[in-house]
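A short write-up of the structure that comes next.
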Amino acid sequence: MDTPLSTIAVVGLGTMGTGIAEVLARAGHEVIGIDISEAAARQAVASLEAATARAVRRERITEQERSDVLARFRTSGDLRAAAGAELVIEVVPESYEIKQQVFRELDAVVSPTAILATGTNALSVTRLAAESLRPERVLGLHFFNPAPAMKLVEVVSSVLTAPPAVEAVTELARSLGKEPVAVGDRPGFVADGLLFGYLNQAAAMYEANYASREDIDAAMKLGCGLPMGPLALLDLIGIDTARTVLEAMYSASHDRLHAPAPVLGQLSEAGLTGRKSGRGFYTYTGPGSQTVVPDALTPRESAATTTGRTVRSVGVAGSGTMASGIAEVFAKAGYDVVLAARGQEKADTAKARIGKSLERSVSKGRLTAEARDETLARITAAGSLDAFADVDLAVEAVAEDLSVKQQLFGTLDKVCKPGAVLATTTSSLPVVAIARATSRPQDVVGMHFFNPAPAMKLVEVVRTVLTADDVHATAREVCVEVRKHPVDCGDRAGFIVNALLFPYLNNAIKMVEEHYASLDDIDAAMKLGGGYPMGPFELLDVVGLDVSLAIEKVLHNEFRDPGLAPAPLLEHLVAAGCLGRKTGRGFREYARR
């Protein structure tokens, strides 16, 4: 089955189809763009003209090369124009009826050796293939939007697909400068299969009024390094499209995490489908615009009416990386800091770690030697919490163990002066349970810093049902003073970031357990298709599999959703002592230092 794929037809000239046509024409292929809408065909030509003109201005191609590209692209409103194509890629709306109609008409038109590819990201390739007269030559070819920029292409085989057809389109993808990933036929495939579950959970979080849309999006960008927050991304993808994908995923998995959040249906039915309609989770200047404009839900700067308590000195309890990082953050911002550990030696070691961190900043030109010395001088290392007697804010960063934290807060209650704010950096434990270990739960708040604290901008500010207004205000004001971005969330497992991140990581593990895709392909898919700075298995090994398992258990215990149950493979690896980079082996093996 040696197919040259020199002439390729693209059926459906929306944004995706037009992008795919551009990629193919610029790579030297003869491209036939087919759409029943003359306006869509004209727009596709205009888009290619504009894209190639920009390329000329940026000196990426010559004027002659631009002319050649434009000459290789022609449009038609009739599927019979695909008769001479060796490959047809359909990118019509996500509907079995529409796609099956296209495939039936193509069966009657194209050569028996032609390959038919569907661009679906939600529907069954097998079902589409079964309706064709040539099921062995039907496969999925899932590009990502915008097609000219995104490197990932998922090559989807059904049980009916002939290997030579897969080989032909895989080689085509490579020749286009893309990274093809081989996947099986299930809704969402790899990238969208993981991405849309995460987006759905974010929509449900927003719908529950747990956090604002701005705070959810900021948390995932700043806490995970994502290029866009989940609600903004839903607006970009199209809320109706996301709902369709999730419906298909749920019908196949019956996993409640894939059941579309009701708000997605409500917005879709109201025609508020995101950027393309001018309004979705956010409001835009008009249909198709990417510029967000204020609306009734936009936070007002003047909305804060409560003033926080005065904070001049800060106590940080703990001797690990997080404690020393938080102490460094406060000292750099000009606060007097008491760094207390279990014993003077541990406290001195933690302060020495800060000194090394500051020295690295000096060597990189980010800090002057004078500022380094001033910062270190503001930090007092102490071997006992008794040194917190006069601090205005006490922040604990000790082991993630409820009994340990409760005992520590019982001590802080006795040591700290009346009116001092007591903050916990817990990432997964109930803040209110820690607060109840004191006689002043109204003074307790969660301030979840992210590691490494000096570099990470996000702080999740967790208010319990008992936290006083001025304590909550204090936590937010202090975050701003130390140049962090505070986001508000309620006191429930995972807060914002971990509640959205760890189910996604768990689902990636399940994909491997089911032999659906390899570690490498999943990591590549999420980096190239989702814009993630690290693939899920890279991240799991960095975080630590034991830490990940503990957070998964907390989430499962809190929400009691079967879909949140830790993947058995994760439990097995932890039981075997394979905890990630820190042990030299997790999902991958690492060289010992």
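Since the structure is predicted, the reported quantities are computational estimates derived from the model, not experimental observations.
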- Query: By side chain to side chain contact (heavy atoms under 4.5 Å, CB included), which residues pair with M228, not counting sequence neighbours?
  - Reply: A232, L233, L236, R275
- Message: The criterion is side chain to side chain contact (heavy atoms under 4.5 Å, CB included); which residues satisfy it with A219, sequence neighbours excluded?
- Response: L458, V487, I496, V497
- Query: Are D240 and K276 within salt-bridge range, i.e. N to O under 4.0 Å?
  - Reply: yes
- Task: Ignoring hydrogens and angles, state whether a donor on the side chain of S158 or T161 is under 3.5 Å from an acceptor on the partner side chain.
- Result: yes
- Message: When you compare the side chains of E105 and Q101, does any donor N or O come within less than 3.5 Å of an acceptor on the partner?
- Response: yes
- So the side chain to side chain donor-acceptor pair (under 3.5 Å) pairs with at least one residue in residues 494-519 (sequence neighbours excluded) are R186-E514
- Message: With heavy-atom distances below 4.5 Å as the criterion, would you say the side chains of L24 and L176 are in contact?
- Response: yes
- Applied to residues 24-40, the side chain to side chain donor-acceptor pair (under 3.5 Å) test, sequence neighbours excluded, yields E22-R26
- Kindly check if the number of other-residue, nucleotide or ligand heavy atoms within 6.0 Å of CD1 (I36) is above 12? no
- Query: Are side-chain N/O atoms of Q64 and T62 paired as donor and acceptor at under 3.5 Å?
  - Reply: no
- Query: So, for I32 and A81, which heavy atoms are closest and what is the spacing to 0.1 Å?
  - Reply: CD1-O, 3.4 Å
- Item | pair N200-H258: side-chain heavy atoms closer than 4.5 Å | no
- Is atom CZ of R279 surrounded by more than 12 heavy atoms (other residues, nucleotides or ligands) closer than 6.0 Å? no
- Task: Determine whether more than 12 heavy atoms belonging to other residues, nucleotides or ligands lie under 6.0 Å from atom CZ of R104.
- Result: yes
- So F495 and H448, would you call those rings parallel, tilted or perpendicular, with 30° and 60° as cut-offs? tilted
- Item | salt_bridge(R588, D520) N-O dist < 4.0 Å | yes
- Only pairs at least two apart or in different chains count here, so list each side chain to side chain donor-acceptor pair (under 3.5 Å) that has a residue in residues 69-78. D78-R80
- Item | Test side-chain hydrogen bond (donor to acceptor under 3.5 Å, both in side chains) applied to S175 - qualifying residues, sequence neighbours left out | none
Would you mind writing out the side-chain donor-acceptor pairs for residues 262-270 within the sub-3.5 Å range, not counting sequence neighbours?
unit_1: S268; atom_1: OG; unit_2: L264; atom_2: O; d: 2.8
unit_1: E269; atom_1: OE2; unit_2: R243; atom_2: NH1; d: 3.1

- Message: Do E94 and T120 pair up side chain to side chain, a donor and an acceptor below 3.5 Å, judged on atom types alone?
- Response: yes
- Measure up the H142 and F144 rings against each other and bin them: parallel (under 30°), tilted (30 to 60°), perpendicular (over 60°). tilted
- Name all pairs fulfilling the ring-ring contact (aromatic ring centres under 6.0 Å, His included) condition that reach into residues 204-224, sequence neighbours left out, sorted by first residue then second. Y206-F281
- By side chain to side chain contact (heavy atoms under 4.5 Å, CB included), which residues pair with A44, not counting sequence neighbours? L13, T18, F73
- Item | salt_bridge(R127, D185) N-O dist < 4.0 Å | no
- Message: Quick one, S251 with E247, criterion side-chain hydrogen bond (donor to acceptor under 3.5 Å, both in side chains). Give me CA distance, side-chain angles, the key distance, then yes/no.
- Response: CA-CA 6 Å; S251 67; E247 288 282 11; over 6 Å; no
- List in chain and number order the residues that pass side-chain hydrogen bond (donor to acceptor under 3.5 Å, both in side chains) with Y282, two or more places apart in sequence or in another chain; answer none if no residue qualifies. D217
- With sequence neighbours left out, write down each residue that passes side chain to side chain contact (heavy atoms under 4.5 Å, CB included) with N451, or none if nothing qualifies. T321, M322
- Applying side chain to side chain donor-acceptor pair (under 3.5 Å), which residue pairs with at least one partner in residues 50-59 are found, sequence neighbours left out? T52-R66
- Mind checking whether N121 and P187 have side chains closer than 4.5 Å, heavy atoms only? no
